[in-house]
There are 4 protein chains.
Amino acid sequence: MMSSESARVAAPESAKRAQIIEGARRCFLASGFEAASMAEIAREAKVSKGTLYVYFDSKEALFSALVEQSRRASVERLMDFDYEHANVRDALVHFATGLIGKLSAPEHVALVRMVIGASEKFPGVARDYFEAGPAHGAARLAGYLREQERLGMVSIPDIETAAWQFFGMCHHPTLISVLLAARPAPDGERVRILAETAVTTFLAAYATKR
Amino acid sequence: MMSSESARVAAPESAKRAQIIEGARRCFLASGFEAASMAEIAREAKVSKGTLYVYFDSKEALFSALVEQSRRASVERLMDFDYEHANVRDALVHFATGLIGKLSAPEHVALVRMVIGASEKFPGVARDYFEAGPAHGAARLAGYLREQERLGMVSIPDIETAAWQFFGMCHHPTLISVLLAARPAPDGERVRILAETAVTTFLAAYATKR
Amino acid sequence: MMSSESARVAAPESAKRAQIIEGARRCFLASGFEAASMAEIAREAKVSKGTLYVYFDSKEALFSALVEQSRRASVERLMDFDYEHANVRDALVHFATGLIGKLSAPEHVALVRMVIGASEKFPGVARDYFEAGPAHGAARLAGYLREQERLGMVSIPDIETAAWQFFGMCHHPTLISVLLAARPAPDGERVRILAETAVTTFLAAYATKR
Amino acid sequence: MMSSESARVAAPESAKRAQIIEGARRCFLASGFEAASMAEIAREAKVSKGTLYVYFDSKEALFSALVEQSRRASVERLMDFDYEHANVRDALVHFATGLIGKLSAPEHVALVRMVIGASEKFPGVARDYFEAGPAHGAARLAGYLREQERLGMVSIPDIETAAWQFFGMCHHPTLISVLLAARPAPDGERVRILAETAVTTFLAAYATKR
DNA sequence: AATGAATGAGTGTTCATTCAT
DNA sequence: CATGAATGAACACTCATTCAT
């Protein structure tokens, strides 16, 4: 027991590091990379400014670490695909509902805003976010659609483009509203409408008639 | 003589003012609000730092003026709708083609990135941009669709949502790629494919069979 | 009158720059490069910290400018050789007297101390100082001795070495005392003794008997 | 057992202490007092930063201890005078050769540079170095010369000054070159020339004719 | 109107030092 | 005794803004 405690000490990334990233998240999300100050982050994380530099080499390094961690967390949450549905429509509606709800949540939109705002200074960070997020999501959806096509459920000439456009139908209206106009995240009912409308439009074009 | 002097003062859209905004555009677009410096802007605009403050009260004011002017310019260019098409499909394809091409142009994406990056500090500016840009565009499209519905060409239960989702299909894939991953703007062929696929999907769901 | 005033303004290196270097001199000489702070220099020069950076790119640049100016000033003062003496002995005594007096002055020793202290970080600055100061001085003396040898007044097998060692006899005892032990600069009487003893020793070895 | 433990504590010149001073030497000599950091010293000495403060109260104390130890070591090595020579000339040449060689060695010059660089902040340390080094050396040489005068080998009106100037002839040319211009230490042949020239000059003035 | 010299509050970062373990 | 995590006061440097000319 004692030893399990000291074992944790042996992994120094654990407590303080997380605490700092948490403070950094609040500041960077609220103000963007440039406008957030290390002093503010230190205050928010309840550590001294010096401690920041014990765990991270620079403001840039702290920012990158924050984005990477956020990306890993949100990708995991977003991309769990439930294949176990009776039919394509239900599967897509279920998927779209989860997608819109999560992607429109204020904390996710703030992350996107922060990454976009920093993409001129951190092109690598933004590109990583793109690859692990939207690009990976579209690829996952394309994979599912390809599977359904093999099963004869849909017929889609250009699956990649179709997947991206499905994302666009789901994501764009709320993303752009929350991102730019600080509109409140859509409520459950609105999410349902968006999801169902998107799926209906999509399947009208691509579902095999039977 | 005296009066012609004061007349110039009275018209704040002088050549100098435009020249300053032009310098500000280059700097703000390239670096974002925080990272761009007034000294850099003065150099780029070939005026002294003091002159900046003759025409604008502060860095914030200069930024707002720049966004407002850019918004007016791009809204005008983007929203010219050509109603004179033989049929809905041709009209939408033509519209979507122009939309995707213009919205994916690097200078437009840079503007969006800048506005998004500054939206935490300038919520009003971002909201104005949203209202005059995406929201106005969706409203224009909705108006056109309503017209076509009255003509019996389409049947759309939720026109607002449909318009937004049409925008999403067109805009989202390239916007997000260029914004985050610095992908090059799509070439003409890719634009055509995106436009036609979007219109096909859209009309599969909403065109009246006849 | 008015115009001569504005003419001075046209040369912006003039007043403020000199004022800053003067403040820098006081601080750098008193504390060395590392220990002197830009805030302290600004205070001493009675300008703001920002103004320092209007005239000099960095602390390093300010330091280099100071050393260069000091070097030019002291080299000029030190190396005026009076050839118009009745005989070699009088010429050397006169030269040595001036040399010891000036090189042992606290302000010169402080400069040497500062340059030596910074020579690890600024090897180029120290080397420049060496070339323009000691090395140039030894070369000047060697030139004079060569001239006297041609006139048959002295006979010196290795003139370069002899010149350096003459400098050593004159300079070393007081330099090292003032440099390390903060001994007061030698008074006129002591300077005279050092000069005459050095010259006597030197000429005992090199003067041609006649 | 208990007592042997405390005995070790009572002797602060433990292995650790020496190890720390050795690390400090490398850092302080290479960078000077201000530029060397305690973290760097700890790393170089392979101990933790905390341990530094177990053995030394402060950075200043560590520096002083280092200089004191270095002084003791180099004084011992430098000042061993070999009286057992057939004549004054051989004795002085032998002495001068050893002196120049040792004083021009990079490690000694680095020590002198460090002490000079720190002499404004540590006047006591520099003065101690002066007294135990140059001043003590000149006194030793003066003692030897006094002895030789009593034996009738030389005749020197001002022995103290003569001793200092002999040091100057030997030491100054190489010291100043290596100190300021980072010239390489003189090779054996050059050392021999400097020594013999200095002795010849010296004895031309002071040796009794016989 | 236009300048550009001057400012000082603010930035990211370092580092000697302390202290709980 | 030895550690290394944590600190906070200092540092060099930047920049939006002002003002005498």
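Proteins come first, then strands; the chains are lettered A, B, ... in the order of their sequence lines, and each starts at number 1.
The nearest whole Å value for the distance from the CZ atom in A/Phe56 to the P atom in E/dT13 is 13 Å. For D/Glu40 and E/dA16, the CD to P distance is 9 Å, given to the nearest whole Å. In this structure, C/Ile41 places its CD1 atom 12 Å from C1' of F/dC11, rounding to the nearest Å. We find that CZ of B/Arg43 is positioned 12 Å from C1' of F/dC15, with the value rounded to whole Å. The CD1 atom of D/Ile20 sits 15 Å away from the P atom of E/dA16 (whole-angstrom rounding). One can place CE of C/Met38 at 19 Å from P of E/dT13, the figure rounded to the nearest angstrom. The CG atom of C/Asp57 sits 13 Å away from the C1' atom of F/dA12 (whole-angstrom rounding). The separation between B/Glu60 atom CD and F/dC15 atom P is 15 Å, rounded to whole Å.
With sequence neighbours excluded, the residues forming a side-chain contact (heavy atoms from CB on, under 4.5 Å) with C/Lys49 are C/Ala39, C/Ala42, listed by chain and number. Annotation: side chain to side chain donor-acceptor pair (under 3.5 Å) contacts of B/Thr51 (sequence neighbours excluded): B/Ser48. Checked against side chain to side chain donor-acceptor pair (under 3.5 Å), C/Arg71 has no partners two or more places apart in sequence or in another chain. For A/Phe130, the side-chain contact (heavy atoms from CB on, under 4.5 Å) partners are A/Pro134, A/Ala135, A/Trp164, B/Ile176, B/Ser177, B/Leu180, B/Ala181, B/Arg183, not counting sequence neighbours. For the salt bridge (Lys or Arg N to Asp or Glu O under 4.0 Å) test, residues two or more places apart in sequence or in another chain that qualify with B/Lys121 are B/Glu60. The side chain to side chain donor-acceptor pair (under 3.5 Å) test applied to C/Ser70 returns C/Arg25, not counting sequence neighbours. Judged as a side-chain contact (heavy atoms from CB on, under 4.5 Å), and not counting sequence neighbours, C/Ala30 has no contacts. Every side chain to side chain donor-acceptor pair (under 3.5 Å) that D/Arg26 has, sequence neighbours left out, goes to D/Glu44.
The closest side-chain heavy-atom distance from A/Phe56 to A/Ser64 is not below 4.5 Å.
Side chain of B/Lys59, nearest nucleotide from E/dT17, E/dT11, F/dA16: F/dA16.
Both cation-pi conditions hold for B/Lys59 and B/Phe33: the charged atom is under 6.0 angstrom from the six-membered ring centre and inside a 45 degree cone around its axis.
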*Secondary-structure string, 5' to 3', Watson-Crick or G-U under 3.5 Å, | for another-strand partners, for DNA chain F*: .||||||||||||||||||||
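Residues from residues 22-36 of chain B that place a heavy atom under 4.0 Å from any atom of DNA chain F, listed by number: B/Ala36.
Among residues at least two apart or in separate chains, there is no side chain to side chain donor-acceptor pair (under 3.5 Å) pair with a member in residues 28-43 of chain D.
Both D/Ala39 and A/Tyr53 lie near DNA chain E, and the one whose nearest nucleotide falls closer to the 5' end is A/Tyr53.
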Tabulated below should be each protein N or O lying under 3.5 Å from an N or O of nucleotides 6-8 of chain E; please produce it.
residue, atom, partner, partner atom, Å
E/dA6, OP1, C/Lys16, NZ, 2.7
E/dA6, OP2, C/Tyr55, OH, 2.3
E/dA6, N6, B/Lys49, NZ, 3.3
E/dT7, OP2, C/Ser48, N, 2.9
E/dT7, OP2, C/Ser48, OG, 3.3
E/dT7, OP2, C/Thr51, OG1, 2.4
E/dT7, O5', C/Ser48, OG, 3.4

